[in-house]
*Asks:* 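Following this message is one structure expressed as structure tokens.
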There are 2 protein chains.
Amino acid sequence: MFIELDFESEDPIYLQLMRQIIEGIAKKELLPGDALPSVRSLAADIGINLHTVNKAYQQLKQEGFLQIHRQKGVMIHPDGIPKATEAYKMALEKNLRPLIAESICRDLKQEDFSEICERIFDNLMHGGN
Amino acid sequence: MFIELDFESEDPIYLQLMRQIIEGIAKKELLPGDALPSVRSLAADIGINLHTVNKAYQQLKQEGFLQIHRQKGVMIHPDGIPKATEAYKMALEKNLRPLIAESICRDLKQEDFSEICERIFDNLMHGGN
DNA sequence: TATCTGTTATACTTATAATATAACAGATAA
DNA sequence: TTATCTGTTATATTATAAGTATAACAGATA
């Protein structure tokens with residue numbers, strides 16, 4: 001599991017961290033029950049503050065990705081990740097909408113949009129990373 | 001063209017404004033050459049500061065959606081919106097990636113994801129709004 | 001006892017978002 | 001000519017979020 005952060009990015013560090021972990025789970029590089037580094041060691045590894053790591057962990061816990069034991073540490077939720085609910089699908093739709101609206105403005109065809117999505121799915125699920 | 005803002009949202013107002021205008025263009029409610037309200041009148045209408053409107057306009061101008069004449073006012077770019085470039089497609093892919101990664105984690109099938117996209121495309125292009 | 005874990009608290013800096021006024025320059029209509 | 005509209009620029013202030021810096025606490029463990 002490699003963490004790559006862009007300190008020049010507008011996206012906050014804790015968000016980038018969350019996404020990297022989520023991507024790791026999607027790629028099956030991180031499996032249910034797998035241990036994650038402690039807030040302190042990961043913070044030290046990356047060279048950031050432990051509170052920034054903690055914020056990412058807490059939010060991922062909140063969303064059901066992680067299980068945190070006060071002394072044992074942090075792990076990918078051993079029961080697996082909660083399935084997509086209707087609420088999740090609605091939030092997803094809300095996030096996709098502006099992306100699709102701009103694509104339409106720029107005359108990007110639905111087929112081309114779908115092809116990009118397909119490529120991402122492929123890369124995450126069967127990708128050779 | 002109706003502007004609906006959510007002042008409780010985490011998304012900044014100027015961003016919501018940008019998206020509403022982009023969605024208006026996608027829906028063909030706003031056509032190339034169409035005039036937009038002045039920064040002052042729109043700000044007064046919505047009940048926000050003129051600088052917030054100006055920020056949205058400036059950014060939309062920067063991205064090629066709007067044309068701004070110092071005295072004539074603001075209009076949807078009469079030459080049409082710039083087509084999707086390779087750079088745009090790469091940025092789009094970067095934006096889609098975390099959404100798709102989380103969908104995979106939550107066991108949302110690619111077909112279901114595509115169906116959501118299709119519904120949004122439909123709603124924006126042929127939608128009865 | 002020493003060291004690890006997450007957790008909590010406090011304080012500080014920085015950047016962004018949003019607002020509040022004010023003024024300027026050019027175009028236009030009364 | 002005067003008043004009013006346009007975008008633009010400048011300055012200041014407030015509020016919030018992100019990130020950092022220390023410090024301490026409580027429970028588990030070697």
Side-chain angles (χ1 to χ4, degrees), chain A residues 1 3-22 30 33-79 95 98, chain B residues 1 3-22 30 33-78 98:
Chain A
M1 183 60 193
I3 301 289
E4 283 184 37
L5 298 182
D6 177 9
F7 292 95
E8 311 300 319
S9 170
E10 305 165 358
D11 300 325
I13 298 177
Y14 80 94
L15 225 194
Q16 294 184 49
L17 233 177
M18 288 180 64
R19 288 175 175 167
Q20 295 258 339
I21 293 172
I22 291 175
L30 294 175
D34 280 0
L36 287 188
S38 74
V39 287
R40 285 179 179 84
S41 66
L42 182 53
D45 272 13
I46 310 180
I48 61 177
N49 193 275
L50 95 171
H51 291 108
T52 306
V53 176
N54 192 245
K55 185 172 183 175
Y57 278 2
Q58 285 300 326
Q59 210 147 324
L60 286 171
K61 168 193 170 190
Q62 169 77 18
E63 298 175 16
F65 290 92
L66 301 184
Q67 189 176 84
I68 304 182
H69 277 94
R70 203 180 177 99
Q71 281 84 23
K72 297 179 189 171
V74 183
M75 62 171 63
I76 308 299
H77 204 299
D79 300 339
N95 286 325
Chain B
M1 183 59 194
I3 301 288
E4 283 184 37
L5 298 181
D6 177 8
F7 292 95
E8 311 299 320
S9 170
E10 306 165 358
D11 301 325
I13 298 177
Y14 80 95
L15 224 193
Q16 293 185 49
L17 233 176
M18 288 179 63
R19 288 175 174 165
Q20 295 257 337
I21 293 172
I22 291 176
L30 294 175
D34 280 0
L36 287 188
S38 74
V39 288
R40 285 179 180 83
S41 67
L42 182 52
D45 272 13
I46 311 180
I48 62 177
N49 193 274
L50 95 172
H51 291 107
T52 306
V53 176
N54 192 245
K55 185 171 183 176
Y57 278 2
Q58 284 300 327
Q59 210 147 324
L60 287 171
K61 168 193 170 191
Q62 169 77 20
E63 297 175 17
F65 290 90
L66 302 183
Q67 190 176 84
I68 304 181
H69 277 95
R70 203 181 177 99
Q71 281 84 23
K72 297 179 189 172
V74 182
M75 62 171 62
I76 308 299
H77 204 299

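Just the heavy atoms: all of them, side chains too, but no hydrogens, waters or symmetry mates, feed the values below. Keep in mind it's a predicted model, so treat the numbers as computed, not measured. In what follows, chains are A, B, ... by sequence order, proteins preceding strands, each numbered from 1.
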*Asks:* Looking across every strand, which nucleic acid part, if any, lies under 4.0 Å from Lys55(A) by heavy atom: base, sugar-phosphate, or nothing?
*Replies:* sugar-phosphate

*Asks:* How long is the straight-line distance from NZ of Lys61(A) back to CG of Asn54(A), given to the nearest 0.5 Å?
*Replies:* 9.5 Å

*Asks:* Hey, does Leu30(B) have a side-chain heavy atom less than 4.5 Å from the side chain of Leu36(B)?
*Replies:* yes

*Asks:* Side chains of Leu42(B) and Leu17(B): does their closest heavy-atom pair fall under 4.5 Å?
*Replies:* yes

*Asks:* Could you grab the distance from atom OH of Tyr14(A) to atom CD1 of Ile48(A), nearest 0.5 Å is fine?
*Replies:* 12.5 Å

*Asks:* Nearest whole angstrom, please: distance from the C1' of dG19(D) to the CG of Leu17(A).
*Replies:* 13 Å

*Asks:* Reckon Tyr14(A) has a side-chain N or O less than 4.0 Å from the OP1 or OP2 of dG19(D)?
*Replies:* no

*Asks:* Under 4.0 Å, heavy atom to any atom of DNA chain C: which of residues 34-41 of chain B qualify?
*Replies:* Arg40(B)

*Asks:* Rounded to the nearest 0.5 Å, what separation is found between the CD1 atom of Ile21(B) and the CD atom of Gln16(B)?
*Replies:* 12.0 Å

*Asks:* Between dG7(D) atom C1' and Gln71(B) atom CD, what is the distance in whole Å?
*Replies:* 7 Å

*Asks:* Rounded to the nearest 0.5 Å, what's the gap from CE on Met18(A) to CD1 on Ile13(A)? Could you check?
*Replies:* 14.5 Å

*Asks:* Starting from P on dT6(D), measure out to CG on Leu42(B) and report it in whole angstrom.
*Replies:* 11 Å

*Asks:* Let me spell it out: for each of Lys72(A) and Lys72(B), pick the nucleotide of DNA chain D with the closest heavy atom. Which residue's pick is nearer the 5' end?
*Replies:* Lys72(B)

*Asks:* Using whole Å, what does the distance between atom P of nucleotide dT14(C) and atom CG of Asn49(A) come to?
*Replies:* 16 Å

*Asks:* Mind checking the CG-CD1 spacing from Leu66(B) to Ile22(B)? Nearest 0.5 Å is all I need.
*Replies:* 9.0 Å

*Asks:* Expressed in angstrom and rounded to an integer, what is the separation of Tyr57(A) atom OH from dT5(C) atom C1'?
*Replies:* 12 Å

*Asks:* Are Gln58(A) and Ile68(A) close enough that some pair of their side-chain heavy atoms sits under 4.5 Å apart?
*Replies:* yes

*Asks:* Base, sugar-phosphate, or nothing: which does Gln58(B) touch, judged by heavy atoms less than 4.0 Å apart?
*Replies:* sugar-phosphate

*Asks:* Rounding to a whole Å, what distance do you find between His69(A):NE2 and dC4(C):C1'?
*Replies:* 16 Å

*Asks:* Over how many whole Å does the gap from Gln59(B) atom CD to dT8(D) atom P extend?
*Replies:* 14 Å

*Asks:* From the set dA18(D), dA18(C), dT8(D), return the single nucleotide nearest to any side-chain atom of Ile68(B).
*Replies:* dT8(D)

*Asks:* Would you mind pulling out the nucleotide paired to dT2(D), Watson-Crick or G-U wobble, both distances under 3.5 Å?
*Replies:* dA29(C)

*Asks:* Which nucleotide, in any strand shown, forms a Watson-Crick or G-U wobble pair with dG6(C), with both distances under 3.5 Å?
*Replies:* dC25(D)

*Asks:* Taking only the side-chain nitrogens and oxygens of Asn54(A), find out if one of them lies under 4.0 Å from OP1 or OP2 of dG6(C).
*Replies:* no

*Asks:* What's the CG-P distance between Leu60(B) and dG7(D), to the nearest Å?
*Replies:* 14 Å

*Asks:* OP1 or OP2 of dT19(C) less than 4.0 angstrom from a side-chain nitrogen or oxygen of Thr52(B), does that happen here?
*Replies:* yes

*Asks:* Who is the Watson-Crick or G-U wobble partner of dC12(C), with both distances under 3.5 Å?
*Replies:* dG19(D)

*Asks:* Assess whether one donor atom and one acceptor atom, taken from the side chain of His51(B) and the base of dT8(D), lie less than 3.5 Å apart.
*Replies:* no

